[in-house]
Every structure is written in C-alpha cells, then in structure tokens.
Amino acid sequence: MKYQDEIKLTAKQQNCPYCHTDKSLIEYEDCGFEVEAGVDDAGTLYVDADDGYHLFNQEININYCPMCGRPLNEEEE
C-alpha cells in the first residue's frame with residue numbers, strides 16, 4: 001500500500017532507531033518497578049509496567065512513529 005503517488009521518507013525517518021529496530025522508546029527500572037514502551041512491526045504502540053504486584057499491559061494501534069513521524073502502515077521502496 002502506498003500514498004497516492006509515492007512515499008518520500010526524510011533521512012530522519014529512514015534512520016529512525018525506534019521504528020526500524022526493536023529499540024524501546026522508554027525503558028525504566030528502579031526498586032523493582034519496571035516500565036517499557038515501544039513500537040512493534042505491526043504499528044502498535046505498547047506499554048508494559050510491572051511493580052512486582054500488578055502487571056499493566058496496553059497496546060494502541062498507531063499510524064505514525066511517535067519519534068520521527070514515519071507512516072507505519074505503508075510499504076517502503
């Protein structure tokens with residue numbers, strides 16, 4: 001799937017470490033409390049948090065990388 005004509009990515013979008021790799025947007029761990037957030041290959045923003053007693057897990061479908069703005073539901077050339 002493409003935009004009307006063609007996808008033109010900026011250099012920042014082509015090299016974004018957040019939506020082209022498995023790098024997390026946020027990783028935090030302190031005193032048994034852990035939080036991780038990131039973007040997976042399917043265009044889903046995920047947040048996982050664990051305080052040792054409760055586990056929170058949320059997924060939200062998104063259309064654009066929150067760090068570089070690259071469309072996540074379009075194919076690159």
Side-chain angles (χ1 to χ4, degrees):
M1 185 180 290
K2 293 183 179 183
Y3 284 135
Q4 291 111 16
D5 297 318
E6 184 177 313
I7 297 173
K8 300 283 187 188
L9 298 179
T10 66
K12 180 181 177 181
Q13 291 170 329
Q14 291 174 357
N15 299 310
C16 179
Y18 299 99
C19 63
H20 289 291
T21 66
D22 291 336
K23 183 176 179 181
S24 298
L25 299 171
I26 298 169
E27 285 186 30
Y28 176 81
E29 184 175 344
D30 188 23
C31 299
F33 184 77
E34 299 177 21
V35 176
E36 181 178 2
V39 177
D40 69 14
D41 293 336
T44 302
L45 175 66
Y46 65 87
V47 178
D48 297 323
D50 185 358
D51 66 0
Y53 300 101
H54 305 94
L55 179 63
F56 173 80
N57 195 317
Q58 182 70 44
E59 294 183 350
I60 303 165
N61 291 329
I62 58 175
N63 295 320
Y64 299 91
C65 173
M67 301 306 277
C68 73
R70 179 178 74 88
L72 297 173
N73 57 354
E74 306 290 337
E75 293 179 14
E76 293 179 41
E77 289 195 1

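The chain is numbered in sequence order, starting from 1. Bear in mind the structure is a predicted one, so any value in this text is a computation, not a measurement.
- Here the side chains of Leu45 and Leu25 are in contact, with some heavy-atom distance below 4.5 Å.
- Note: Asp48 CG to Ile26 CD1 = 11.5 Å, rounded to the nearest 0.5 Å.
- Of all the heavy atoms in Met67 and Cys16, the pair that sits closest is CB-SG, 4.4 Å.
- Checked by atom type, the side-chain pair Thr44/Glu59 shows no donor-acceptor distance below 3.5 Å.
- The two residues Phe33 and Asp51 have their closest heavy-atom pair at CD1-CB, 3.4 Å.
- Between the side chains of Asp30 and Tyr28, at least one donor N or O sits under 3.5 Å from an acceptor N or O.
- Contact of the Pro71 side chain with the Leu9 side chain is registered, since non-hydrogen atoms from C-beta on lie closer than 4.5 Å.
- Going from atom CG of Asp50 over to atom CD of Glu36 covers 11.5 Å, rounded to the nearest 0.5 Å.
- Distance CD/Gln14 to NE2/His20: 7.5 Å, rounded to 0.5 Å.
- Contact detail for Val39 and Pro66: the closest heavy-atom pair is CG2-CD, 3.8 Å.
- Scanning all heavy atoms of the two residues, the minimum distance from Val35 to Ala49 falls at CG2-CB, 4.1 Å.
- In this structure, Tyr64 and Gly69 approach most closely via the heavy-atom pair CD2-O, 3.2 Å.
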